[in-house]
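Contents: one structure, followed by commentary.
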Amino acid sequence: MTEDIVVVPGDGIGQEVVPAAVEVLEALDGVDFEFTEYDAGDETLAETGEALPEETYEAAASADATLFGAAGESAADVILPLREAVDSFANVRPARAYPGVDALRPETDLVFVRENTEGVYSGIESEIADGVTTLTRVVTEDASRRIAEFGFDYAEQNGYEDVTIAHKANVMRVTDGAFLDACEAVGDERGADYDDALMDALAMHLLLRPEEYGVVIAPNLAGDVLSDLAAGLVGGLGLLPSANVGSERGLFEPVHGSAPDIAGQGIANPCATVLSAAMMLDHLGYGEAAADVRDAVEGVLAEGPHTPDLGGDASTEDVTAAIVERL
Ligand code: GGG
């Protein structure tokens, strides 16, 4: 069977790390891919007047899976509709420390299960008067229950004992109150062990004692921010993959953005995107190939070569070749 994969490198280092992940996928035996590349992002906007052309949206909406790189200034017009195109509601972001990588907190093994469809990323923003802007934050019981079910299932299926619900219900009483109530109801119905934490305090606790946490179920913005914090615990954004899932299709992307400061230099760390491709393999049912890719990345992280973000002087190409070599 041929897997039809839409490839959207996007902006900046997306143009470097996505081809690296495709090279790794092409090196796998026993999985047949057909990759088709589509445009999106700042450059596409400048050239065509649209950050996400209709054909890219439609391709993602009908492909088996989409591998995405990064978006720059046009992120809201690219990533949010792409996540909608694949009908995803959960953004799963594992953050774990790897042997061989200098991590601030080597004991970190966290997975953020981020609600992907509403919260402050619902896109309802306006300037209501000169100098006065507003944002409508949408939180529904259905979407909150759905992400909680997903998070508790994920913890159970992947052997995580600690589940934490992140919120700020003491201030956003109605919206985060609804999120917390819905998540707690799901936990209680299941008789699950869980905790909840105010997201600001949680940021500090994750920094000081990450080993006390496992799966963190979070509203959209909190999940985005806390997972970047966790990247700092394990060696940086070059190591964090993500999967936008929940329905049959999926969108897989590194957590990092377009990194304009290093774009075009050939030194971007491809590991986050290669690990995102491994999450894609899992989603498509190729568990063994996914494990092989993860092992290869772990081997390279343990023994090098490393890109400059991890203290090395290797290029994106060197690291990709080393990963392929191990497959
Ligand atoms: N690869 C993901 C990317 O481009 N991230 C930049 C960004 O702004 N992300 C916002 C989000 O993940 O919701």
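Just follow the structure's listing: the first ligand is 1, and inside any ligand the first atom is 1.
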Is G10 in contact with ligand 1, taking contact as a heavy-atom separation below 4.0 Å?
no
Any atoms of ligand 1 less than 4.0 Å from a non-hydrogen atom of Y121? List them with their elements.
13 (O)
Hey, are D64 and R249 close enough for a salt bridge, meaning a charged N less than 4.0 Å from a carboxylate O?
no
Interatomic distance, CG@D228 vs CG@L237, rounded to 0.5 Å, equals 4.5 Å
Do the charged groups of E125 and R137 touch, with an N to O distance under 4.0 Å?
no
Does a side-chain N-to-carboxylate-O contact under 4.0 Å join D224 and R114?
yes
Below 4.0 angstrom from a heavy atom of V255, which ligand 1 atoms are there? Numbered from 1 as shown, please.
2 (C), 5 (N)
Please compare R93, R114, E253, H256 and report which has the shortest non-hydrogen distance to atom 13 (O) of ligand 1.
R114
Hydrophobic clustering (ILVMFWY, side-chain heavy atoms < 4.5 Å, transitive) - are V6 and L284 grouped together?
no
Distance filter under 4.0 Å to I79 heavy atoms, resulting ligand 1 atoms
3 (C), 4 (O), 5 (N), 6 (C), 7 (C), 9 (N)
Ion pair check, R145 and E149, cut-off under 4.0 Å:
yes
Looking only at protein heavy atoms, which one is nearest to atom 8 (O) of ligand 1, and how far off is it?
A75 CB, 3.8 Å
Close-contact set for ligand 1 against G257 heavy atoms, below 4.0 Å:
3 (C), 4 (O), 5 (N), 6 (C)
Contact check, E73 vs ligand 1, heavy-atom distance below 4.0 Å:
no
Counting from 1, what ligand 1 atoms have a heavy atom of D224 closer than 4.0 Å?
10 (C), 11 (C), 12 (O), 13 (O)
Show me which atoms of ligand 1 lie under 4.0 Å from any heavy atom of P254.
1 (N), 2 (C)
Salt bridge or not between E303 and R326? Use side-chain N to carboxylate O under 4.0 Å.
yes
Of the protein's non-hydrogen atoms, which lies at the shortest distance from atom 11 (C) of ligand 1, and what is that distance?
R83 NH2, 3.4 Å
With a cut-off of 4.0 Å, which atoms of ligand 1 are near a heavy atom of A70?
1 (N), 4 (O)
Closest approach of any protein heavy atom to atom 4 (O) of ligand 1, naming residue and atom
A71 N, 3.0 Å
Tell me which one of L251, T66, L82, N116 satisfies side-chain contact (heavy atoms from CB on, under 4.5 Å) with S88.
N116
Validate the cation-pi geometry between R146 and F89: distance from NZ or CZ to the six-membered ring centre under 6.0 Å, angle to the ring axis within 45°.
yes
